[in-house]
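Below is one structure, written out as structure tokens, with a few remarks after it.
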Amino acid sequence: MIPYINAPFVFLGNKIGAGPDELKLVFSFLLSYPLAGLLKRVPDARPAHKNLFTLGVSIFYLVGLFDLWDGLRTILFSAAGSYAIAKFLRGSPYMPWVGFVFLMGHMSVNQIARMRANAPATVDVTGAQMVLVMKLSSFCWNVADGALPETELSDFQKDRRLTELPNLLDYAGYVFFFPSLMVGPAFDFAEYRRWLDCSMFDVPTTVDPAKKPPTRKKRKIPRSGTPAMVKLATGLMWIGIFVALSGYFSPDVLLTPRYMEYGFVKRVLVLHMVPLTARTKYYGVWTLTEGACILSGLGYNGVDPATGKVSWDRLVNINPMGVEMAQNTRAYLENWNINTNKWLRNCVYLRVTPRGKKPGFRASLATFTTSAFWHGFYPGYYLSFVLASLIQTVAKNFRRYLRPFFLDPKTQAPLPSKKYYDFFSWLTTQLAFSFATVPFLVLSFSGSLAAWSRLYFYAVVGTVISMAFFASPAKPALRRALEQRAAKAGVVANPEKTASGTSARHPLVRTASQDSLSREPLLGLSSDPERDVDEALSEIKAEMEARARRASASKPLFNKVS
């Protein structure tokens, strides 16, 4: 650590009640803006200088600011190991899985060490390592795709594949890209390379020259100051809200004696505010880092040929209003930690299924397990994952069998009564997820159960009752009612398809089924756990029957001799 650099953060932390490391983290995000502005001004023809600049800044952050010598060694070990695996096992179909296990195992060791240290206010390297796992496991898959024929690849794979390993300096610049070093966003090496050589900013010939995005001097990177400053202001707003609320709605408040003096409704409101307050911190830091990436140019995502408007949403990781206004579980999860959802889809869910087959319960289970292990090993994480998965099941049944009653059966246009359904859906989604995510903040098993018990396990009880309801004769009755309603309107009802999911933006060839893609897990939570369980039981039954047939066929036949 640079001498005396810690003193001002200690002083300010004592004044406002924040930890010095937390203040230094925010400071690093803010400092990334002027540094990203300098990075963008490195001549386009000097990619090596860009790499050296970003390396120098990241080392300053890790060592000069946070004194994370162990963190620097950790990142170097993960990066060197992944590069070696990609290089020496390149021709093996197991290469990306070896890299994946290496990265996850290395991170798990550090996650366990962080649990033992039990210092949540102290910044360590596990946050940066979580981002690195996404980047480097994707790197291994991109290298593996580069060795396959194009006929076996989807458009997404073709776009991101690496037909040859990058040189070490480019690779190091990718690993240590400072605007996203500590908390993300993650991105693929192909994107970094296009930013590095400026091919990302090539304007299609279909765009009117008069509508090309403006640039400065001879640079190809379009002007990005305004969208970056909007992100900066928005991120600071969310950080300000977090600072204002965190003193009143920290997770500890749920376990205090005073909390039990409130009435039930007030306790529910306080419980809702605790995760909401925690989310504002993530809204703030993810928005700040996205803005720094935009300022550097890496957030560029093309230009509209009709209007000439530039898109800067390549690395968006959060949609706060999408989360807070979500009326169903899928919308809630789709708008939270967006890049992690993409990583789980492209590097786990769509990879564990053989080419030509549909992903089923094994893909969902692998994604769930990966997401859980990636987050860490606190018991609270697993309580949240299990309950949220069950809530997903219930929500899908409500959407499938109740929502159609609020739509015109012929045109599917919303009826006047749908506004009541929408409000109820929003309220139950928000309160259910507030309850489900409390263990993510409390962390301990006993503390999480204590917090839930103080609210009479309302989300658990509601979920169990709803599951029992849809397992009862009520479900066939609802289906018949929908069919009768549709018949009166002169259409054929199909309640099983009234809740169509959202397809993947870049489905891989091996799993191109629209139905399968609509079932892809979000943050590891299966979108249809009931179907996954049914498929698991069917596969187990089929396997047992196949083994019985093989055993029967292998038995010798003896002729009975009298």
Side-chain angles (χ1 to χ4, degrees), residues 26-47 49-58 61 131 135 170 173-174 176-204 207-239 283-320 338-339:
V26 175
F27 171 74
S28 72
F29 298 151
L30 298 178
L31 183 60
S32 290
Y33 279 78
L35 293 175
L38 292 175
L39 176 62
K40 186 169 67 172
R41 283 161 175 78
V42 175
D44 294 347
R46 304 281 186 178
H49 291 183
K50 294 181 182 181
N51 287 324
L52 292 171
F53 184 88
T54 194
L55 270 170
V57 173
S58 290
Y61 283 170
V131 178
K135 291 172 70 172
D170 287 354
Y174 169 66
F176 285 95
F177 187 70
F178 70 86
S180 65
L181 176 69
M182 301 302 289
V183 299
F187 47 89
D188 288 341
F189 181 83
E191 296 173 289
Y192 180 77
R193 182 172 58 189
R194 290 171 196 147
W195 169 82
L196 197 62
D197 63 18
C198 293
S199 60
M200 174 185 287
F201 310 106
D202 291 339
V203 179
V207 176
D208 186 342
K211 294 181 179 179
K212 288 184 178 181
T215 60
R216 287 188 182 276
K217 298 182 179 179
K218 295 181 179 180
R219 289 198 299 269
K220 293 181 67 175
I221 301 177
R223 296 180 184 179
S224 56
T226 299
M229 291 305 105
V230 170
K231 291 293 181 179
L232 173 62
T234 306
L236 289 175
M237 178 198 72
W238 286 117
I239 294 293
Y283 294 159
V285 298
W286 282 335
T287 303
L288 287 176
T289 56
E290 182 193 349
C293 290
I294 289 173
L295 191 58
S296 73
L298 192 58
Y300 178 81
N301 202 23
V303 57
D304 188 325
T307 64
K309 184 178 180 180
V310 177
S311 296
W312 293 100
D313 58 355
R314 177 181 297 275
L315 300 180
V316 63
N317 198 41
I318 191 70
N319 178 8
I338 296 168
N339 284 307

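Quick note: residue numbers are just sequence positions, from 1.
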Over-ring placement of Lys50 relative to Trp195, 6.0 Å and 45° cut-offs: yes
Which atom names give the shortest non-hydrogen contact between Leu295 and Gly225, and what distance separates them? CD1-CA, 3.9 Å
Backbone N or O of Ile221 within a donor-acceptor pair of the Thr215 side chain at under 3.5 Å? no
Provide the closest heavy-atom pair for Ala186 versus Lys135 in the form atom of the first, atom of the second, distance. CB-CG, 3.8 Å
Determine whether Asn339 and Trp286 make a side-chain contact, defined as any pair of heavy atoms from C-beta on separated by less than 4.5 Å. no
Could you tell me if the side chain of Phe201 sits less than 4.5 Å from the side chain of Val310, heavy atoms only? no
Heavy-atom distance under 4.5 Å between the side chains of Phe177 and Cys293, does that happen here? yes
Under a 4.5 Å cut-off applied to non-hydrogen side-chain atoms, are Glu290 and Val316 in contact? yes
Counting distance only, does the side-chain N/O of Ser224 pair as donor-acceptor with the main-chain N or O of Ile294 below 3.5 Å? yes
When you measure from the side chain of Tyr174 to the backbone N and O of Tyr192, does any donor-acceptor pair fall under 3.5 Å? no
Is the shortest heavy-atom distance from the side chain of Leu232 to the side chain of Leu30 under 4.5 Å? yes
Counting N and O atoms only, with roles assigned by atom type, does the side chain of Thr289 sit under 3.5 Å from a partner on the main chain of Gly184, one being a donor and the other an acceptor? yes
Does Ser58 use its side chain to pair, donor to acceptor, with the backbone of Leu55 at less than 3.5 Å? no
What are the two closest heavy atoms between Asp170 and Phe189, and how far apart are they? O-CE1, 3.8 Å
Are Arg194 and Asp202 ion-paired here, with the side-chain N under 4.0 Å from a carboxylate O? no
Whether Tyr33 side chain and Leu288 backbone form a donor-acceptor pair below 3.5 Å: yes
Any donor-acceptor N or O pair under 3.5 Å, side chains Ser199, Asp197: yes
